Protein chains: 2
Amino acid sequence: MVKHAKTECDDAHFAVQDTLYVVGGKWKMMILSILVRFGTKRFGELVKLMGISARILSKELNELEQNKLISRKVCNTKPITVEYSATAYSKSLHEVLNAMIKWGRNHKKKIREK
Amino acid sequence: MVKHAKTECDDAHFAVQDTLYVVGGKWKMMILSILVRFGTKRFGELVKLMGISARILSKELNELEQNKLISRKVCNTKPITVEYSATAYSKSLHEVLNAMIKWGRNHKKKIREK
DNA sequence: GTTACTAGTTACAAAAAGGTTACCATGGTA
DNA sequence: TACCATGGTAACCTTTTTGTAACTAGTAAC
């Protein structure tokens, strides 16, 4: 959680920062986007789908799991596989997620128009 | 704009990344939040309000201005003052902004409950 | 025995983000 | 004259983030 200097802590502006603290960065929202929209995915599938390195993905998945935003399940397959899924709590982010998808698409369109 | 490896570029997951590319980071959404909700603010006011350093604020404001998300106005006061305002385009972010404020507040509440 | 697949981890390097301090020019005030 | 405030900028440094390459362990196919 972000530490706030002087102002009241439940100020709207700092709430924005708190959200970014949990799901900011280059990859977390994209991982959630995939798991929420496509459903359960394996580690290796995410690597290929996203073009992310295993090291970074592993770290991001751990952090998301600690914040209860995804769940991890190890499967008894020949080479063991691990499945990641969105949790109920991660679904509380759908408004943020959808708004960002919408805005990103629109912004890219605007830029291409130039 | 983020460069995408192999997948189709208008994929929802990459749209999320595109949004983060423009308004991600520790400060940009907070600046927009303040300008959208409080209205026009001067440079020095933002520094005090946010607890951000002048160097970083200056950089962030420049980047937001380049993306047409804020406008800058130099005023003919005794020591010149500079006013920053949200633009019409920045208001297209209100959905993202409001969703993030709402989620951040709720998340902090959950954490305190533990 | 060798190769391959799985999901990671480790060590290392590079880049990006964020921060501190000192400084500038302007003009008003004590 | 010296000091204060304004909105910056430049040099420098630290921390965080991201990436690459090599390696692990278990099992199965060749």
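Reckoned from all heavy atoms, side chains included, excluding hydrogens, waters and symmetry mates. Since this is a predicted model, take the numbers as computed values, not measurements. Lettering of chains follows the sequences in order, A, B, ..., and the numbering in each one begins at 1.
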d([atom1], [X]; [atom2], [N]) in whole Å:
| X | N | atom1 | atom2 | value |
| --- | --- | --- | --- | --- |
| B:Tyr21 | C:dA16 | OH | C1' | 11 Å |
| A:Glu83 | C:dG8 | CD | P | 12 Å |
| B:Leu20 | C:dA17 | CG | C1' | 14 Å |
| B:Glu45 | D:dA5 | CD | C1' | 14 Å |
| B:Leu61 | D:dT6 | CG | P | 16 Å |
| A:Glu65 | C:dA7 | CD | P | 15 Å |
| B:Phe43 | D:dA5 | CZ | P | 16 Å |

| said: The side chain of B:Arg42 is closest to which nucleotide in this list: D:dG8, D:dT6, C:dG8? | reply: D:dT6
| field | Verdict with supporting geometry, B:Thr40 and B:Ser85, side-chain hydrogen bond (donor to acceptor under 3.5 Å, both in side chains) | value | CA-CA 5 Å; B:Thr40 299; B:Ser85 316; 2.9 Å; yes
| task | Give, ordered by number, those residues of residues 73-81 of chain B having at least one heavy-atom distance below 4.0 Å to an atom of DNA chain D; if nothing qualifies, reply none. | result | B:Pro79, B:Ile80, B:Thr81
| Sub-4.5 Å side-chain heavy-atom contact between A:Leu69 and A:Leu35 | no
| query | Under 4.5 Å between any side-chain heavy atoms of B:Val23 and B:Leu32, yes or no? | reply | yes
| message | Could you walk me through whether A:Arg37 and A:Asn98 satisfy the side chain to side chain contact (heavy atoms under 4.5 Å, CB included) test, starting with their C-alpha distance in whole Å, then the side-chain angles of each, then the deciding distance to 0.1 Å, before giving a yes or no? | response | CA-CA 11 Å; A:Arg37 299 160 66 90; A:Asn98 291 339; 4.3 Å; yes
| Restricting to pairs with a member in residues 68-91 of chain A, which pass salt bridge (Lys or Arg N to Asp or Glu O under 4.0 Å), not counting sequence neighbours? | none
| note | Residue pairs passing the ring-ring contact (aromatic ring centres under 6.0 Å, His included) test with at least one member in residues 31-67 of chain B, sequence neighbours excluded, are A:His13-B:Phe38
| query | Can you list the residues that meet the ring pair (Phe, Tyr, Trp, His ring centres under 6.0 Å) rule with A:Tyr89, with sequence neighbours excluded? | reply | B:Trp103, B:His107
| message | If the condition is side chain to side chain contact (heavy atoms under 4.5 Å, CB included), which residues does A:Glu63 pass it with, not counting sequence neighbours? | response | A:Lys28, A:Lys59, A:Glu60
Please enumerate all protein N or O atoms sitting under 3.5 Å from an N or O of nucleotides 14-19 of chain D, with distances to 0.1 Å.
from   : atom 1 : to      : atom 2 : distance (Å)
D:dT18 : OP1    : A:Lys26 : N      : 3.0
D:dT18 : O4     : A:Arg55 : NH2    : 3.1
D:dG19 : OP1    : A:Lys26 : NZ     : 3.0
D:dG19 : OP2    : A:Trp27 : NE1    : 3.1
D:dG19 : N7     : A:Arg55 : NE     : 3.3
D:dG19 : N7     : A:Arg55 : NH2    : 2.9
D:dG19 : O6     : A:Arg55 : NE     : 2.9
D:dG19 : O6     : A:Arg55 : NH2    : 2.9

| message | Any side-chain to backbone donor/acceptor pair from B:Thr19 onto A:Met100? Under 3.5 Å, distance only. | response | yes
